[in-house]
Amino acid sequence: MVKNAKVAHISSAHSPTDTRIFVKECRSIAEAGYRTVIIAPHGTNEVRDGVQIRAIGSVADGRLARMTRVVYQVYQAAVREDADLYHFHDPELIPVGLLLVLRGKKVVYDVHEDLPRQILTKSWIPKRLRRVISMLAEVVESGAARFFSGLVAVTSSIQDRFSRENTVLVQNFPVRQEVVSALPPMPERPRTVAYVGGIRSNRGVREMVEAAGVASDRCGAQLVLAGDFAYNETEKEVKQMAGWESVDYHGWVERDQLESLFQNVRAGLVLFHPAPNHVTAQPNKLFEYMAAGLPVIASDFPRWREIVHGENCGLVVDPLDPEAIAEAIEWVIDHPESARGMGERGREAVLDKYNWETESERLLSFYQDLLQ
């Protein structure tokens, strides 16, 4: 490590306590000895686990404000920090990154999502414009990347888009200490399965609710749904579905409450629709379910199938087929010992290879090379 180096992580859209940014990346680099700062929307300045949080006010209302006023506030705060290395997390901060480069700073872009493919599914962008905007975003992102000191890619498919020597793969796997140690016997748990995370149509909420209704009739299963609905219209529509009677909706659940929730269900669902940016993604919740010793019921995408079948830790189904989802739920409920074995194999896979400790070593080595 370069002695006393200062690293500033910056975001206009994420909470300063975001799992990837704070829990994983910033705590790891602070523990390694870097002076670590997070610049992000927040109420007050504070220090957590050795990480200084520089607040730029509350999260902006509306995309336009976030992409203009908040971006400018982030840039001002970043300049004041005068860090040795800046690590930013949102595509709208690409101009901020370029301005910091012009100031002679080392800048890293953390690419969380496949932006061009993600744009193709944005409901707020008119369909006739999505492909053009997607192509433009790819040109801008790839062109700007040439000027940054390095890029951090969350998946190998994103890494392949850039194909540059200074791009490092740092995957979003669970922290080992969050892997459960005591697993209640499956037959003693309620006949429930869970989905935890942002609730959207393209993440399969309608299909999960419909499947829950079918599985409830067949084997008494119930769906535990934890998270916030992204859109009010989706929430209203889903709550009017017949299957909603088989849903136990918890709303947002804090991270420290997840272990208790997971120990009272028999499987974790991750049933994203086959959108271009989903097919090659590696959702964090897939590995969090595995870390909790839960068998997973996942979308049948090539990469997801490779993980789930490779570790024999769950089932893959067509995420657009509620009947197939219901059959998978029913199988897990009716085969508790097989489900327990799947959960244990998934948990062991996280301890062995799908963990943050392995990824953090790669990030720290990357920083070391950039700051030498």
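For the single chain, residues carry numbers from 1 onward in sequence order.
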Distance (rounded to the nearest 0.5 Å) between [X] [atom1] and [Y] [atom2]:
{"X": "L115", "Y": "I158", "atom1": "CG", "atom2": "CD1", "value": "9.5 Å"}
{"X": "I10", "Y": "H87", "atom1": "CD1", "atom2": "NE2", "value": "9.5 Å"}
{"X": "L100", "Y": "D82", "atom1": "CG", "atom2": "CG", "value": "10.5 Å"}
{"X": "I38", "Y": "C26", "atom1": "CD1", "atom2": "SG", "value": "3.5 Å"}
{"X": "D90", "Y": "S11", "atom1": "CG", "atom2": "OG", "value": "3.5 Å"}
{"X": "K285", "Y": "L269", "atom1": "NZ", "atom2": "CG", "value": "11.0 Å"}

Do any N or O atoms from the side chain of [X] and from the backbone of [Y] form a donor-acceptor pair under 3.5 angstrom?
{"X": "R266", "Y": "P190", "value": "yes"}
{"X": "T121", "Y": "Q118", "value": "yes"}
{"X": "W304", "Y": "A281", "value": "yes"}
{"X": "R189", "Y": "V265", "value": "yes"}
{"X": "D300", "Y": "D318", "value": "no"}
{"X": "S360", "Y": "E357", "value": "yes"}
{"X": "K106", "Y": "D84", "value": "no"}
{"X": "S149", "Y": "V107", "value": "yes"}
{"X": "N45", "Y": "A55", "value": "yes"}
{"X": "T167", "Y": "A153", "value": "no"}

Side chains of [X] and [Y]: does their closest heavy-atom pair fall under 4.5 Å?
{"X": "Y195", "Y": "L271", "value": "no"}
{"X": "L258", "Y": "V253", "value": "yes"}
{"X": "R345", "Y": "E348", "value": "no"}
{"X": "P319", "Y": "F272", "value": "no"}
{"X": "P116", "Y": "L120", "value": "no"}
{"X": "Q282", "Y": "V154", "value": "no"}
{"X": "V23", "Y": "T17", "value": "no"}
{"X": "W356", "Y": "E25", "value": "yes"}

Check the hydrophobic clustering (I, L, V, M, F, W, Y; side-chain heavy atoms under 4.5 Å; chains of links allowed) and say if [X] and [Y] are grouped together.
{"X": "L320", "Y": "I325", "result": "no"}
{"X": "L225", "Y": "L294", "result": "yes"}
{"X": "Y354", "Y": "M342", "result": "yes"}
{"X": "V193", "Y": "V180", "result": "no"}
{"X": "V170", "Y": "V175", "result": "yes"}

*May I have the step-by-step check of side-chain contact (heavy atoms from CB on, under 4.5 Å) for R20 and D110, ending in yes or no?*
CA-CA 10 Å; R20 178 173 175 84; D110 199 320; 3.2 Å; yes

Could you tell me whether the side chains of [X] and [Y] share a donor-acceptor contact shorter than 3.5 Å?
{"X": "E81", "Y": "Y86", "result": "no"}
{"X": "S338", "Y": "H335", "result": "no"}
{"X": "R200", "Y": "T234", "result": "no"}

*Let me see the working for F162 and V111 under side-chain contact (heavy atoms from CB on, under 4.5 Å), right down to the final yes or no.*
CA-CA 10 Å; F162 295 97; V111 192; 4.1 Å; yes

*Show the numbers, then the answer: is there a salt bridge (charged side-chain N to carboxylate O under 4.0 Å, His left out) between E359 and R362?*
CA-CA 5 Å; E359 301 302 304; R362 196 176 296 124; 2.7 Å; yes

Distance-minimising heavy-atom pair for [X] and [Y]:
{"X": "A221", "Y": "S246", "result": "O-CB, 4.4 Å"}
{"X": "Y109", "Y": "E141", "result": "OH-OE2, 2.6 Å"}
{"X": "E92", "Y": "S12", "result": "OE2-OG, 3.1 Å"}
{"X": "D228", "Y": "G251", "result": "OD1-C, 4.5 Å"}
{"X": "I199", "Y": "Y249", "result": "CD1-CE1, 3.8 Å"}
{"X": "N284", "Y": "N172", "result": "OD1-O, 2.7 Å"}

Do other residues, nucleotides or ligands put more than 12 heavy atoms under 6.0 Å from the [atom1] atom of [X]?
{"X": "R103", "atom1": "CZ", "value": "no"}
{"X": "E245", "atom1": "CD", "value": "no"}
{"X": "R176", "atom1": "CZ", "value": "yes"}

Salt bridge [X]-[Y], side-chain N to carboxylate O under 4.0 Å:
{"X": "R340", "Y": "E344", "value": "yes"}
{"X": "E311", "Y": "K353", "value": "yes"}
{"X": "K24", "Y": "E178", "value": "no"}
{"X": "R191", "Y": "D334", "value": "yes"}
{"X": "R206", "Y": "E210", "value": "no"}

*Apply side-chain contact (heavy atoms from CB on, under 4.5 Å) to V224 and Q222, showing your working.*
CA-CA 7 Å; V224 172; Q222 190 175 41; 5.6 Å; no

*asked:* Between F173 and V350, is the side-chain contact (heavy atoms from CB on, under 4.5 Å) condition met? List the steps.
replied: CA-CA 8 Å; F173 295 152; V350 171; over 6 Å; no

*With T36, which of I29, I53, D49 fulfils side-chain contact (heavy atoms from CB on, under 4.5 Å)?*
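Among I29, I53, D49, the one that satisfies the side-chain contact (heavy atoms from CB on, under 4.5 Å) with T36 is I29.
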
_Is the distance between the ring centroids of F88 and F148 under 6.0 Å?_
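Yes, close enough.
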
